[in-house]
Each structure stands twice: as C-alpha cells, then as structure tokens.
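The figures that follow rest on heavy atoms only: side chains count, while hydrogens, waters and symmetry mates do not. Fair warning: this is a prediction, and the values are worked out from it, not measured in the lab. Chain identifiers are assigned alphabetically (A, B, ...) following the order of the sequence lines, protein sequences preceding nucleic acid strands; residue numbering begins at 1 within each chain.
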Number of protein chains: 2
Amino acid sequence: MPTISDVAARAGVSTATVSRALNGKATVDPDLAARVRTAATELGYQPNGPARALRRQEAAVVALIISDVENPFFTALARGVEDVAHEVGYSVVLCNSDENADKENRYIDVAIQERVAGVILSPSGTATSVAKLASRGTAYVAVDRPLPEQDSDAVLVDTRQAAKQATAHLVAQGYERIGCITGPAGVRTADDRLAGYRDGLKAAKRRSTTRLVRRSEYKAAGAHRAALELLSQAEPPDALLIANSAMAVGVLQALQERGIRAGREVGLVAFDDAPWAELVDPPLSVVAQPAYEIGTVAARLLLARIADNSRPPTTTTLGARLIERASSVQLNRR
Amino acid sequence: MPTISDVAARAGVSTATVSRALNGKATVDPDLAARVRTAATELGYQPNGPARALRRQEAAVVALIISDVENPFFTALARGVEDVAHEVGYSVVLCNSDENADKENRYIDVAIQERVAGVILSPSGTATSVAKLASRGTAYVAVDRPLPEQDSDAVLVDTRQAAKQATAHLVAQGYERIGCITGPAGVRTADDRLAGYRDGLKAAKRRSTTRLVRRSEYKAAGAHRAALELLSQAEPPDALLIANSAMAVGVLQALQERGIRAGREVGLVAFDDAPWAELVDPPLSVVAQPAYEIGTVAARLLLARIADNSRPPTTTTLGARLIERASSVQLNRR
DNA sequence: GAACGCTGGGTAATCCTTTACTCGGGCGGC
DNA sequence: GCCGCCCGAGTAAAGGATTACCCAGCGTTC
C-alpha cells in the first residue's frame with residue numbers, strides 16, 4: 001500500500017508538497033502539482049484515512065444513528081442526509097440502534113472513538129448518553145424526536161398537530177369510537193401522537209377513554225397484538241389511528257384474520273406514506289411525513305454546527321400532510 | 001478529550017501498561033489493571049480510534065455496500081451482517097450505492113482510505129473497481145450477485161432455479177401468456193431471473209417471446225412503465241413474474257390504474273416477501289429469499305477471510321421458497 | 001550464596017499525514 | 001544597487017495508541 005512518501009519520491013518533491021498538492025491547498029506550482037497527481041494515480045495512492053483523521057483531529061465522516069433500518073421513514077431520511085453530506089465531501093455511516101438504548105449508547109461511543117465530525121440521531125427516549133457528545137464538543141443533531149433535557153439542534157415534525165388533524169378527519173367521517181395504537185411510552189413521537197389524538201377528540205367534544213388506546217413497540221407484531229385486544233372488547237373501536245407504517249401492517253393483518261373489512265367496519269389512518277399504502281384494499285389513509293426533507297435539513301444543520309459550535313441551537317419543525325384515501329371514508333353513513 | 005497518557009498519569013503507570021490493561025493483553029498485575037480501569041472510567045477515557053487504526057493498520061470496522069437502502073431485502077440482509085459482526089466486536093457501516101457504479105466506486109475508495117477490515121458488497125454489475133480491494137489485500141465478500149470475473153467469496157441465492165419454479169407454478173395454474181419484468185441487463189440477479197423464467201417456459205414446452213419481457217431499473221417507477229407497456233399490447237400477458245418487491249409496487253399501481261384485477265385477470269408472482277405482500281388484494285404470491293441469512297453467512301465468511309486471507313474462495317448458494325398466495329391462483333379456470 | 005530464568009512493566013520507535021516554521025531566491029521600490 | 005518582502009517548497013514536529021525490546025527484581029536451584 002503506497003504512502004505519501006512513495007508519491008513524494010516518485011514526483012521528486014517533499015511529502016509536504018504532495019499533501020498540499022493533493023488537498024488543493026495554498027499555492028503549489030501548477031507543474032509540480034501535475035507531477036504529483038500523475039505520480040499519485042500511477043501508484044494508485046489512497047491517503048490513509050486514520051492517519052489523516054489523527055492529525056486533523058476529525059474524520060470527514062458523519063454518523064447517522066437511526067432507530068430502525070427497516071422502517072421506510074428512516075431510510076428515506078437517511079437518503080436526505082446522504083445527499084447533502086456527499087455534496088460537501090462527507091461520508092455517512094449508518095448505524096441501527098433498533099430502539100435499544102444500549103445499542104444506541106454503543107454507537108455513540110463508537111462515533112466518539114472514531115472521532116466523527118458529527119452525529120445525527122433519533123434518540124430512543126430515555127438515553128442520555130448524548131451528554132457524552134455534548135461534553136466532548138462533538139456536533140450533533142436530533143431528528144424525529146427531541147432530546148430529553150438539553151436544548152440542542154433538532155429537526156422535528158409537528159406530529160401532535162398531524163395526529164389531531166387525522167383524528168378530526170375520522171370524526172368528520174362519522175366514526176364514533178375512535179381508537180389509537182401508538183408506540184412505547186417515553187418515546188416522544190409516540191406520546192405526541194397520542195396527545196394529538198386526544199386533542200382531536202377533545203376538539204370534537206368526545207370523551208377519550210384508555211380502553212381505546214394501546215401502546216406497543218413500533219413494530220408490526222406489537223401492533224398486531226394490540227389490535228386484536230382492542231377488537232376483542234365488548235365495544236370495539238370503529239376507527240383507529242396508527243402511529244407508523246410497520247404497525248399498520250400488524251393492524252391490517254389482525255383485521256384480515258378477523259375478517260373485518262378496513263374502511264367499512266373499521267376506519268384507518270396511519271402515519272407514514274409507505275409505497276404500498278395505495279395498494280391495500282381499501283387504500284390506506286396516511287399522514288405523510290417529509291422524511292427526506294428532515295434528512296436534508298438535519299444534515300445542513302449539522303454542517304453548520306460543525307463549522308461553528310457556538311451558534312445558538314435551532315429547532316426546525318416541519319409539517320405533515322394528511323392524505324385521505326378510502327380506508328377512512330365511511331361509505332355507509334347513516 | 002483525555003488520552004492514554006492522562007489515564008497513565010492518573011493511574012501512576014506507563015502508557016504501555018494502560019494499553020495492555022485495557023486491551024486485556026498479556027499479564028498485567030490485577031491490582032494495576034483495576035487501578036487503570038478506574039482511572040479510565042473516572043476520566044471518561046475513550047480510545048482514539050484513528051490512532052489505534054493507524055498503528056494497527058486496520059480498523060475494527062466492516063463496510064457493507066448495498067445497492068438500495070430502501071429495499072427491504074437489503075435492510076434485512078444488513079441486519080444479518082450487523083448481528084454477526086457485533087458479536088465479535090466489529091462495527092458495521094452501511095453505504096448505499098444506489099445501483100450506481102460511480103457511487104459504488106466512491107464507497108470502495110472510502111473503505112480503502114479508512115482501512116476497514118473488510119467489505120461486503122452487492123456489486124452493481126459492471127463495476128470492476130473491486131479489483132482495488134483485491135490488489136490491496138482487503139478482505140471482501142460479494143452478496144446477492146457474484147463478481148464479474150474473479151472468483152471470490154460470495155453468498156448467492158439460486159435465483160434462476162427459483163424463477164423457474166415460479167414460472168412453472170404460473171404455468172400449472174393455467175396462465176397462458178406469462179410475461180416477465182426484470183432488472184437491468186448486466187445485473188446478475190436480473191439476468192438470472194429472466195433465464196429462470198425462460199427455463200420454466202421451456203420446461204413446459206412454451207415458446208418465450210421478447211414481447212412479453214421488459215427490463216427496467218429495480219424500482220417501482222420503471223416497473224410501472226414496463227407494466228403499462230406490456231398491458232397495452234394487442235395480446236397482453238395474463239400473468240407476470242416480477243423481479244423484486246419495489247417493482248411489484250409499480251406493477252400493482254399500473255394494474256390498479258387500468259382497472260385490471262390482479263390474480264383474476266393477471267396472475268402475479270414477485271420476488272421478495274415484503275411485509276405488505278399478504279395485505280394487498282389479492283395477497284401477493286412471492287419468492288421469499290433468505291435475506292437475513294445471506295447477511296449472517298456473508299459476515300461469517302468475511303470474518304474468516306479477515307483471519308486468513310489465503311483460504312480458498314467459497315461460494316455459498318442458498319435456496320429461495322415460493323409462497324403461493326391468491327395473486328397467482330387462477331380462480332376461473334376453464 | 002550465586003547464577004540463571006522468568007515475569008511484569010517501562011522506554012521509545014512506529015504507523016502516516018498535516019502543518020508550523022524556516023529558508024532561499026526573485027522581484028519591486030526607493 | 002540594495003533592502004525587504006513575498007512566494008514556493010522543504011524540514012521536522014505533532015497527533016495517540018500499540019508493541020518490540022529491554023531492564024529490574026524476585027524466586028529457584030545447585
């Protein structure tokens with residue numbers, strides 16, 4: 001594996017000149033620079049990243065720690081981050097914390113050890129290991145969920161408002177017993193969506209009851225159980241607000257097993273506009289979140305903070321859009 | 001940010017002893033080791049990854065370069081890689097090449113620069129920049145698709161056989177004009193699935209015609225266009241074999257727009273068992289690939305090669321499973 | 001009692017790049 | 001014509017961890 005000295009020797013210059021030439025720094029004689037570049041390509045020289053990071057005290061890498069790689073919301077977000085980061089020469093490494101505070105902490109430690117330039121993460125709730133980042137002065141931005149205590153940069157969605165709007169829509173469609181299946185307590189998006197649901201009921205002068213509310217992991221299996229429980233009650237819900245698309249899968253399975261027809265017997269609105277939402281029968285009404293945009297905004301915020309760590313923290317809140325499809329339109333109104 | 005010397009000073013020992021103690025090396029007096037460990041935690045010491053990588057000439061990181069983060073097949077695969085790698089203390093960084101040979105090459109360069117211990121990648125076809133890895137002695141394993149020329153470690157699926165079986169199934173169900181929508185020419189899985197489709201037709205003594213075959217990107221949009229083209233022909237297909245789940249979304253959209261009922265008027269089998277496959281109407285027949293297992297096997301293969309780069313190349317081929325659902329069962333047979 | 005061996009731990013070299021500092025030479029201004 | 005400045009390029013230090021090598025001290029054995 002050739003080093004910078006090999007390139008220097010071949011080009012007949014010092015390593016300092018090679019470094020300057022390849023990094024486009026300062027003023028290097030154009031002829032020399034050309035000689036250096038040809039020498040480098042002839043040798044197939046690739047700079048040693050760790051050595052560079054060691055000297056520069058920072059790697060040209062940002063870490064993106066998301067809570068579920070299999071969730072399309074986060075993969076779309078990841079694309080947004082990637083696209084912006086690449087424009088300015090940063091690489092993005094993706095880490096999957098799996099909604100698991102331990103894994104999240106491990107990845108934060110790895111990020112610190114590898115001296116990445118910055119971290120974008122969707123905090124799994126209680127985890128406060130983010131403090132390590134703060135105390136070391138590593139730039140970071142929270143996405144999707146705010147960090148518990150500290151006021152840091154964050155890019156969020158007004159998910160409470162969106163949940164309220166979705167609930168109001170269900171009310172307007174004539175559903176009477178509207179339930180909610182949301183994520184684990186302590187996960188901010190889950191709590192906010194529940195709060196929005198309650199806001200929506202209250203605005204319509206409906207009483208909200210815990211008997212129509214269930215929480216589970218943000219996964220299909222948990223939502224499946226939750227849906228079966230709700231449907232087994234004496235007075236089952238006639239509509240459901242579901243907190244993400246993976247959960248929607250679980251709920252739809254449950255309805256299918258029970259032979260209950262979505263939209264007619266039970267109205268549905270789910271968060272996240274998955275590619276398949278239009279294909280199920282009936283097409284699923286969704287709250288579309290601007291996942292890609294969250295990623296781009298977060299990346300730009302992170303870059304700004306890397307450049308200047310003293311800037312005041314910014315929280316950007318983006319809106320979500322309710323897309324009404326047949327799953328929440330009560331066809332046989334009285 | 002504390003360094004190893006700070007820990008050494010606080011514990012009253014040399015840096016060598018700190019290094020040995022924290023890495024569990026050789027024999028260090030238990031008392032000293034304990035003193036070192038408490039000093040390290042008190043200072044919140046995190047070893048400097050780049051410095052370590054520089055000295056060791058290798059980072060405890062493996063790169064996973066996949067061709068589409070938004071494809072559930074690859075995210076499941078990623079999970080498999082992660083789970084195995086973490087067991088032995090490696091971190092996994094995920095890179096999204098987007099089926100784009102340039103991006104793939106860039107990421108391979110990044111992997112080389114960062115001196116990762118190994119690379120797992122799903123090669124985007126023609127890209128031969130993998131040669132760089134080979135010539136530098138970096139361990140690597142191909143997944144999903146073999147590498148063009150060289151014989152390297154690879155974990156594949158017998159996708160041709162699976163496509164043949166799926167086609168035979170469609171024949172057996174009484175479909176007469178079976179079409180195929182597959183990925184770009186040159187992408188091995190796309191070519192294999194097409195070849196398997198032809199095998200299936202031949203085995204049933206059917207003629208295969210290019211008029212029933214279309215290729216596009218492995219994405220919904222391309223498959224959507226392809227499906228519309230096929231359906232607009234004078235003699236449209238009455239069944240389709242679709243090469244992945246993203247494409248299935250495009251095809252189902254096209255059918256929906258045309259008001260054609262899947263399963264009855266056009267039989268469907270798609271590759272990849274997406275979580276929503278059972279939820280569409282009618283439930284989608286699929287070829288389920290063992291994505292997670294591909295990941296675990298590939299990771300183990302990579303670890304073996306990192307340990308011993310002289311071992312002979314191994315190709316593991318896993319089987320796929322046809323899951324028959326209603327979309328490929330012709331209800332109104334003659 | 002002396003010599004040898006072993007063990008635990010310190011010293012210092014090493015990995016490769018970047019960059020502060022230095023130096024030589026050419027050019028412009030007075 | 002000389003002085004000073006500036007530009008371009010080289011020298012060498014620094015960055016933090018690992019590890020080869022070496023040394024001190026203790027125990028064992030004859």
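- If you measure from atom CG of A/Asp29 to atom P of C/dG24, you get 20 Å, rounded to the nearest angstrom.
- Note: CG (B/Asn48) to P (D/dG16) measures 7 Å, nearest angstrom.
- A donor-acceptor contact under 3.5 Å links the side chain of B/Arg20 to the base of C/dG10.
- Between the C1' atom of D/dG16 and the CG atom of B/Leu43 lies a distance of 15 Å, rounded to the nearest Å.
- Distances from the side chain of B/Arg56 to the nucleotides C/dT18, D/dG16, D/dT18 place D/dT18 closest.
- The phosphate of C/dG10 has OP1 or OP2 within less than 4.0 Å of a side-chain N or O from B/Thr17.
- Residue B/Val13 is in sugar-phosphate contact alone, with no base atom involved, counting any heavy-atom pair closer than 4.0 Å across all strands shown.
- Between A/Leu22 atom CG and C/dT18 atom P the separation is 8 Å, expressed in whole Å.
- Under a cut-off of 6.0 angstrom, the local environment of CZ in A/Arg188 is sparse, with at most 12 non-hydrogen atoms contributed by other residues, nucleotides or ligands.
- Close to C/dT17, at under 4.0 Å from its OP1 or OP2, lies a side-chain N or O of A/Tyr45.
- A straight line from CD of A/Gln57 to P of D/dA14 spans 14 Å, rounded to a whole angstrom.
- Look at B/Asn23 and you'll find a side-chain N or O under 4.0 angstrom from OP1 or OP2 of D/dT18.
- Electrostatic pairing of B/Asp68 and B/Lys219 does not count as a salt bridge here, judged by no charged N lying under 4.0 Å from a carboxylate O.
- Out of C/dC15, C/dG8, D/dA17, the shortest distance to the side chain of B/Leu54 is found at C/dC15.
- Spacing between atom CD1 of A/Ile112 and atom P of D/dG16 amounts to 16 Å, rounded to whole angstrom units.
- Atom CZ in A/Arg55 sits roughly 16 Å away from atom P in D/dA17 (whole-Å rounding).
- Among all heavy-atom pairs drawn from A/Pro146 and A/Pro123, the shortest one is O-CG, 3.8 Å.
- Residue contacts shown for B/Ser19 include a base, since a base heavy atom lies under 4.0 Å away.
- Per the geometry, CD belonging to B/Glu58 stands 14 Å off P belonging to C/dC16, to the nearest Å.
- Residues B/Thr189 and B/Tyr218 bring a donor and an acceptor atom of their side chains to less than 3.5 Å of each other.
- Contact annotation for A/Pro50: no contact, since no heavy-atom pair falls under 4.0 Å across all strands.
- Judged by distance alone, with hydrogens and angles left aside, A/Arg52 brings no side-chain donor or acceptor close enough to the base of C/dT17 to form a pair under 3.5 Å.
- Between the side chains of B/Ser67 and B/Ser124, not a single donor N or O lies within less than 3.5 Å of an accepting N or O.
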